[in-house]
Amino acid sequence: MTEILCNAFRTVIATTPGNLLATVYLTANKIAPPHEGLELGIGEASLVKALAEAYGRKEEHVKKQNSELGDLGLVAKASRSTQRLMFQPKPLTIDKVFSAFLAIAKQLLESHSFDKYPFTIPNSKDVSFIVFKRPIMVMAFDLLWCKESGANSHDKKKNHIKGLLVAATECEPLYITRLLQSKMRIGLAEKTVLVALGQAAAYSETCPNPPLQTQSPLEEVGVPIGPMLAKPTKAVSEIIDKFQGMEFTCEYKYDGERAQIHYMEDGSVEIYSRNAEWNTGKYPDVVSSISREKFIPAICKPTNSSSAVLFKKDTAKSFVLDCEIVAYDHEKQKILPFQVLSTRARKGVILSGIKVTVCTFAFDILYINGQPLLQEQLKVRRQHLYSSFEEVPGVFQFATATITNDVEEIQKFLEAAVNSSCEGLIIKTLDKDATYEPSKRSNNWLKLKKDYMESIGDSLDLVPIAAFHGRGKRTGVYGSFLLACYDEQNEEYQTICNIGTGFSESQLEERSASLRNKVIPTPKPYYRYADTVNPDVWFEPAEVWEVKAADLSISPVHRAASGIVYPNKGISLRFPRLVHVRDDKSPEQATTSDQVADMYRAQKINHANNHEEEDDD
DNA sequence: TCAGAATGCTCC
DNA sequence: ATTCTGT
DNA sequence: ACAGAATGAGCATTCTGA
Ligand SMILES: Nc1ncnc2c1ncn2[C@@H]1O[C@H](COP(=O)(O)O)[C@@H](O)[C@H]1O
């Protein structure tokens, strides 16, 4: 794979180097660096519409065939091949396709940003500079490049897609459609593209500029870098095993959102998400806790203690921090669950309008004062972190950490983490294999969560009552199932979650085959579900599956234990996955709504009792 | 016009 | 997110 | 060992029908 692609790139470099950028983006199925915020904004529904119109088919037929073929791309191909071509369309080129994609993406920005943000030239003392920096830059871009006007952006996008589909021949409709869905399904994606590109570039020094901002260790402050990831482990013993003979540290795993905080010498700040999305506009409070004086003197409210502090020491002139931002109740000095954080507004947040306050927990540093630290061992990086920053309780803290290789102590530390509203632990080597490996390389960090451990964590026995047709490699079997628990009082099944992971392929085939015999035309009267769940098929209650989950949550859609904990809201599961099929249980012996309610209450009590953070570094 | 549904997208 | 699979 | 492709809950935002 890599070799083929590498040769393709070499050919492009040798023959049409001007096309290299578009070629790389198309093969990687991207349209721009992620932090630039360009997005296609195309979903299945709009694609179905465009496809139907482009090929003169009824939307309903397209939908039906999509569900049968499990791939909208195949639908496109099939539609195209049954059309009689009146004339040969002008051939599509890489450049044309990529330009069309860019045009589609810019439509979204135009319609979303244009009338929403004040279009004034910001001055750096104005808070709107921070809040609206990105949109305004993007808008300026739009003004330069987007001269179209007329129909609304939605239609324009559709027209671009139709244009591509009409011009496409042979296998092109398939891949254009898949590209637009970001589901190439060819077993080749971004990482492989980068490797192939790297190899191709090595052959030809003549290529003028590396077209993609690759994640070189010499990264620039202000440009996001791939986050280091963690690999799941099932038991403390497994950790000891893997890190045998090495010095390692355990840190709390906070349940929030990852934030890569860049601070530049000019005092500006950028915050990026785990996927390198631009999150600066979402966290003006975090920005201000670093650089308040520089940008927003007028907004500084002495009453708001959380924004009236600085956590960096004066010696820190520029840096990149790796952190977890967590919802935090400053009055009670307590960490709040992820579900609270997720209610925060995302765009154009202004300091005075913040409803969910946060605390930032730093656990790594990638760059300081002009010096990249990626190649340094964690021990060294951590030293920089601790010496260049100061904790400000409730605003900026270091991730609680300990160093031990004693099983008992790790176990205790895990308990402490969970009691402090954390998900579990992240375990990292300090000395060996302890450089920062941006997403590209292996997972040298381990994560330990209670629900990974056998016979610990929430496990439920649930009944599949409906299913959705699988797509892609699951075409022909069910791709996911709607699960329910049993309410003994009302003798009814209440939906609790969908599930689509934890199945081996053979297991999925077996379950699909078995449940196909249980399909019923309409749901049973004793099923409780939101009418927005719209499964492809319903089943009679027949099987019981053991399912594991990280947490229980209050759900806007699912109905489990509805009326027990909250009158009108049910309970759902976070990260549900199949453990195994319970041949020994009948549907009526599934986990009951009362049990679900109890589990939820137990979890809530655990949260309510949580102790506040203390740090031992 | 507005509220609910659909959509797109992010995250844990 | 979790999990499984092919290379 | 890794990259890729299946799939989850739930949010804010946009669209659409009454
Ligand atoms: N102390 C920590 N060190 C590293 N990652 C952490 C820490 N606390 C929380 N996290 C988060 O845990 C995520 C990795 O876990 P997961 O996403 O389950 O693989 C990271 O992306 C971080 O956002």
Side-chain angles (χ1 to χ4, degrees), chain A residues 1-2 29 34 37 39-49 70 108 111-112 116 152-154 181-195 229-232 253-259 273-277 279 282 324-327 337-349 356 423-424 437 439-444 447 449 451-452 468 470-475 477-483 496-508 530-532 534 547-558 571-579:
Chain A
M1 273 289 207
T2 312
N29 206 346
E39 248 130 40
L40 281 174
I42 296 294
E44 180 161 293
S46 32
L47 256 183
V48 166
K49 254 187 209 155
L108 187 75
S111 73
H112 285 194
K116 237 171 217 179
N152 67 49
S153 70
H154 212 233
Q181 285 190 299
S182 299
K183 284 178 184 184
M184 280 300 277
R185 306 204 252 231
I186 54 172
L188 178 158
E190 191 179 1
K191 302 270 172 72
T192 312
V193 171
L194 289 181
V195 170
L229 304 172
K231 171 175 270 203
K253 184 178 193 295
Y254 296 91
D255 192 8
E257 173 172 16
R258 193 152 187 178
S273 76
R274 176 199 179 90
N275 296 327
E277 296 292 324
N279 260 355
K282 181 176 175 183
E324 188 83 354
I325 294 179
V326 178
F338 174 76
Q339 220 177 1
V340 173
L341 181 68
S342 70
T343 63
R344 237 181 110 114
R346 288 163 195 183
K347 292 179 176 172
V349 175
V356 177
E423 293 183 277
E437 302 292 333
S439 54
K440 49 177 165 188
R441 277 225 197 144
S442 67
N443 306 302
N444 282 332
K447 52 182 168 178
K449 301 210 277 177
D451 59 278
Y452 296 159
F468 301 81
R471 335 174 104 203
K473 65 183 179 184
R474 294 203 179 162
T475 302
V477 293
Y478 297 123
S480 67
F481 302 83
L482 180 60
L483 297 182
I496 187 165
C497 67
N498 285 26
I499 193 166
T501 191
F503 307 89
S504 65
E505 276 174 11
S506 59
Q507 223 172 3
L508 195 59
D531 39 25
T532 49
N534 207 352
V547 167
K548 205 161 240 212
D551 266 319
L552 291 85
S553 58
I554 296 299
S555 170
V557 300
H558 292 291
I571 287 171
S572 185
L573 303 182
R574 187 186 186 192
F575 309 151
R577 63 267 192 187
L578 180 78
V579 179

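All chains are named by letter (A, B, ...) in the order of the sequence lines, taking the proteins before the strands, and each is independently numbered beginning at 1.
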Select one nucleotide: of D:dT7, D:dG4, C:dT2, the one nearest the side-chain heavy atoms of A:Lys447. C:dT2
Return the value, rounded to whole Å, for the distance between atom CZ of A:Arg577 and atom C1' of D:dA9. 13 Å
What's the closest nucleotide to the A:Ser273 side chain, out of B:dT10, D:dG8, D:dA12? B:dT10
For A:Lys548 and B:dC12, give me the distance from atom NZ to atom P, rounded to whole Å. 22 Å
Taking only the side-chain nitrogens and oxygens of A:Tyr452, find out if one of them lies under 4.0 Å from OP1 or OP2 of C:dT2. yes
Would you call A:Arg574 and A:Asp451 a salt bridge, taking side-chain N to carboxylate O under 4.0 Å as the test? no
Starting at CG of A:Leu194 and ending at C1' of D:dG4, how long is that distance when rounded to a whole Å? 14 Å
May I ask you to say whether A:Arg471 pairs ionically with A:Glu44, meaning some side-chain N is under 4.0 Å from a carboxylate O? yes
Ignoring backbone atoms, test whether A:Ser480 places a side-chain nitrogen or oxygen under 4.0 Å from the OP1 or OP2 oxygen of D:dA6. no
Of the listed D:dG4, D:dA9, B:dC12, the closest approach to the A:Lys473 side chain comes from D:dG4
To the nearest Å, give me how far apart CG (A:Leu578) and C1' (D:dT7) are. 12 Å
Regarding the side chain of A:Phe575, the nearest nucleotide among D:dG8, D:dG10, B:dC11 is D:dG8
Within this structure, what is the CE-to-P distance between A:Met184 and D:dA3, rounded to whole angstrom? 19 Å
Given D:dT13, C:dC4, B:dT10, the nucleotide with the shortest approach to the side chain of A:Ser504: C:dC4
Measuring only the C1' atom in each nucleotide, how far is C:dA1 from B:dC9? A whole number of Å is fine. 14 Å
Looking at the base of D:dT7, is there any donor atom on it, or on the side chain of A:Thr501, that sits under 3.5 Å from an acceptor on the other one? no
Of the listed B:dC11, D:dT7, D:dC11, the closest approach to the A:Gln339 side chain comes from D:dC11
When you match A:Glu257 and A:Arg346 each to their closest nucleotide on DNA chain B, which lands nearer the 5' end? A:Arg346
Mind calculating the distance between NZ (A:Lys449) and C1' (C:dT2) to the nearest angstrom? 9 Å
Supply the atom-to-atom distance A:Asn498 CG to A:His558 NE2, rounded to the nearest 0.5 angstrom. 5.0 Å
Would A:Arg344 and A:Glu257 count as a salt bridge (charged side-chain N to carboxylate O under 4.0 Å, His left out) here? Give the steps. CA-CA 11 Å; A:Arg344 237 181 110 114; A:Glu257 173 172 16; over 6 Å; no
Expressed in whole Å, how much space separates the C1' atoms belonging to B:dC11 and D:dT7? 15 Å
Regarding the side chain of A:Glu39, the nearest nucleotide among B:dC9, D:dA9, D:dA6 is B:dC9
